[in-house]
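Working notes for the structure below.
A, B, ... follow the sequence lines: proteins, then strands. Residue 1 opens every chain.
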Number of protein chains: 2
Amino acid sequence: MTPAADVLALLGVPPAQARESKGGRTREAILGAAVALACRTGLGGLTVGSLATEVGMSKSGMIAHFGSKEALQLAVLDAAALEFATEVVLPALSAPRGEPRVRALVDGWMVCGLMRRPGGCVFVKSSTELDEQPGPVRDRLRDQHLELARSIARIFSGGIREGHFRADADPERFAVDLHAVMLGFYHQHRLLGDPRAEERARAAVDALLDAERPPAEPARGAPDAVAEAGR
Amino acid sequence: MTPAADVLALLGVPPAQARESKGGRTREAILGAAVALACRTGLGGLTVGSLATEVGMSKSGMIAHFGSKEALQLAVLDAAALEFATEVVLPALSAPRGEPRVRALVDGWMVCGLMRRPGGCVFVKSSTELDEQPGPVRDRLRDQHLELARSIARIFSGGIREGHFRADADPERFAVDLHAVMLGFYHQHRLLGDPRAEERARAAVDALLDAERPPAEPARGAPDAVAEAGR
DNA sequence: CAAAAGTACGAACGATCGTACTATTCTGAA
DNA sequence: TTCAGAATAGTACGATCGTTCGTACTTTTG
């Protein structure tokens with residue numbers, strides 16, 4: 001069940017020693033509250049005072065664990081990424097390679113967007129917050145998004161190798177398109193409160209996948225392959 | 001050239017009298033700077049002090065034109081919506097009804113997202129900022145997005161009546177899908193700096209439109225009607 | 001031209017921002 | 001049990017937040 005140690009290390013999980021000391025434990029408690037708070041207010045709206053109140057500590061005692069607000073923001077991004085990886089990406093990897101794995105990813109992602117946290121998603125919020133504010137936090141966020149896109153593309157590539165998708169499909173393009181669908185879903189669901197948001201997003205994903213299916217091998221000539229591909 | 005008075009009134013433009021007095025003029029100057037600033041920092045990051053500095057006024061003198069920061073935010077949203085309507089939506093309406101009008105809308109929208117303002121788009125930024133912060137500003141923003149979706153759907157409907165799109169196509173769904181593509185475009189372009197962002201978004205729009213085209217009537221009749229529709 | 005209305009300023013308010021520095025309390029290994 | 005170091009609290013700082021108030025100055029009105 002527990003992922004191998006090297007996988008955890010890869011995700012940026014600190015070693016057990018650093019987690020089990022008193023300081024390590026409160027640090028993790030702070031980060032938990034910080035991620036939750038940042039989901040509601042964004043990374044910019046996450047203030048030292050409000051977070052300290054949230055965890056029931058003094059400002060100084062709380063921020064001492066990170067050094068500065070910027071370092072705290074970076075830690076929050078890392079904690080949120082770790083959470084997303086372990087709760088959405090990793091579980092999807094245990095689905096059969098190919099389209100099932102892609103759909104498992106979408107399912108987990110959607111559940112995450114629908115209900116996991118009150119307030120939404122740190123990444124969506126900080127993406128628009130930081131897109132024109134250069135600095136280490138913005139750079140980290142961009143790296144994480146690039147890494148996510150790579151993961152999606154890799155999972156999709158498995159579907160090409162399995163023959164579920166066209167051999168000439170573009171995994172990178174699929175990653176971008178899927179991300180757009182999820183952004184639209186988030187917008188419809190969170191801001192507009194559209195009850196059909198999930199249904200619409202799932203239809204959009206279906207359309208995305210249908211467009212990438214291999215043509216039913218024509219007996220050399222049949223011009224109606226398109227109709228069948230809709231299956 | 002100038003839109004009719006009733007159209008302007010519909011868009012929320014104040015009457016000339018209110019615009020041409022001294023106060024009206026500076027109010028408009030403030031709003032211009034405010035929209036530009038909000039594009040960089042978001043509606044929340046738009047502070048009274050920074051805006052006053054930007055326009056070269058005192059805080060008190062500046063905010064006196066609106067009464068409170070919240071009223072300023074509402075005015076900024078309205079000003080930005082007016083700008084978007086006159087620079088993107090209205091011009092598109094002068095394109096021939098149907099697919100050309102849809103494409104004109106997308107073109108204008110894309111140019112707007114690409115280069116019109118340094119810093120991005122107030123609406124994208126405030127959508128994620130406010131999606132869980134109830135209040136008048138959030139309500140206004142939601143109304144504006146619903147209105148935009150209605151406009152898109154209406155323009156698309158024209159394409160159905162013209163026979164460019166399937167009769168059973170869902171204009172509302174198209175509006176949601178198109179918005180998702182634009183959100184993805186914004187994300188790729190602004191945060192990730194993807195040079196292929198525009199190309200990718202245009203391909204996604206093409207895919208969206210292709211999926212809505214009427215089936216080439218199989219029997220009796222040129223199956224190439226699609227090609228002509230593009231004209 | 002005088003009066004009235006509109007416009008802008010500067011100062012000050014209490015609150016909160018992030019951070020620095022100093023105490024005090026607590027933890028855990030010798 | 002002791003004691004060094006980690007952990008947390010406390011306090012104060014300069015800056016900025018949004019807002020209010022009293023007062024000049026300018027425009028419009030009568």
Revision key, fill the gap. Footprint ends on DNA chain D, 5' to 3', for atoms under 4.0 angstrom from a heavy atom of chain B, come out as D:dC17 to D:dT27
**Study point:** Residue met sooner reading DNA chain C from 5', once B:K59 and B:T26 are mapped to nucleotides
**Key:** B:T26
Review point. Hey, mind stepping through B:R202 and B:F185 against side-chain contact (heavy atoms from CB on, under 4.5 Å) and telling me if it holds?
Key: CA-CA 9 Å; B:R202 299 201 106 101; B:F185 165 64; over 6 Å; no
**Study point:** Atom-to-atom span, CD1 of B:I30 to P of C:dT7 - whole angstrom
**Key:** 11 Å
Practice item. Describe the nucleic acid contact of A:M62 in one word from base, sugar-phosphate, nothing, applying a heavy-atom distance below 4.0 Å. Key: nothing
Exercise for review: Specify the separation, in whole Å, of atom CE of B:M57 and atom P of C:dG10.
Suggested key: 11 Å
Review point. Using 4.0 Å as the upper bound for N to carboxylate O, is an ion pair formed by B:D139 and B:R142?
Key: yes
Review point. Hey, does B:T47 reach any base, or is it just sugar-phosphate, or nothing, if we go heavy atoms under 4.0 Å?
Key: sugar-phosphate
Check your understanding: Taking only residues two or more places apart in sequence or in another chain, which ones pass ring pair (Phe, Tyr, Trp, His ring centres under 6.0 Å) with B:Y186?
Key -> none
Point to revise | Separation of A:F156 CZ from A:E212 CD (nearest 0.5 Å) | key: 4.5 Å
**Study point:** Rounded distance in Å - CZ (A:R25) to C1' (C:dT27)
**Key:** 10 Å
Exercise for review: Among A:R200, A:H189, A:H187, find the residue that satisfies the side chain to side chain donor-acceptor pair (under 3.5 Å) test when tested with A:D194.
Suggested key: A:R200
Point to revise | NZ/NE/NH1/NH2 to OD/OE distance under 4.0 Å, B:E129 and B:K125 | key: no
What protein N or O atoms touch nucleotides 20-25 of chain C N or O atoms at under 3.5 angstrom, if any, and at what distances?
none

Revision key, fill the gap. Taken to the nearest whole Å, NE2/B:H65 to C1'/C:dT7 is 6 Å
Check your understanding: Can we say A:E28 and A:R25 salt-bridge, meaning some charged N sits less than 4.0 Å from an Asp/Glu carboxylate O?
Key -> no
Review point. So how far is it from B:Q73 CD to B:S68 OG, rounded to the nearest 0.5 Å?
Key: 8.5 Å
Review point. Looking across every strand, which nucleic acid part, if any, lies under 4.0 Å from A:A64 by heavy atom: base, sugar-phosphate, or nothing?
Key: base
Point to revise | Value rounded to 0.5 Å, distance of OG in A:S151 from CG in A:L93 | key: 8.0 Å
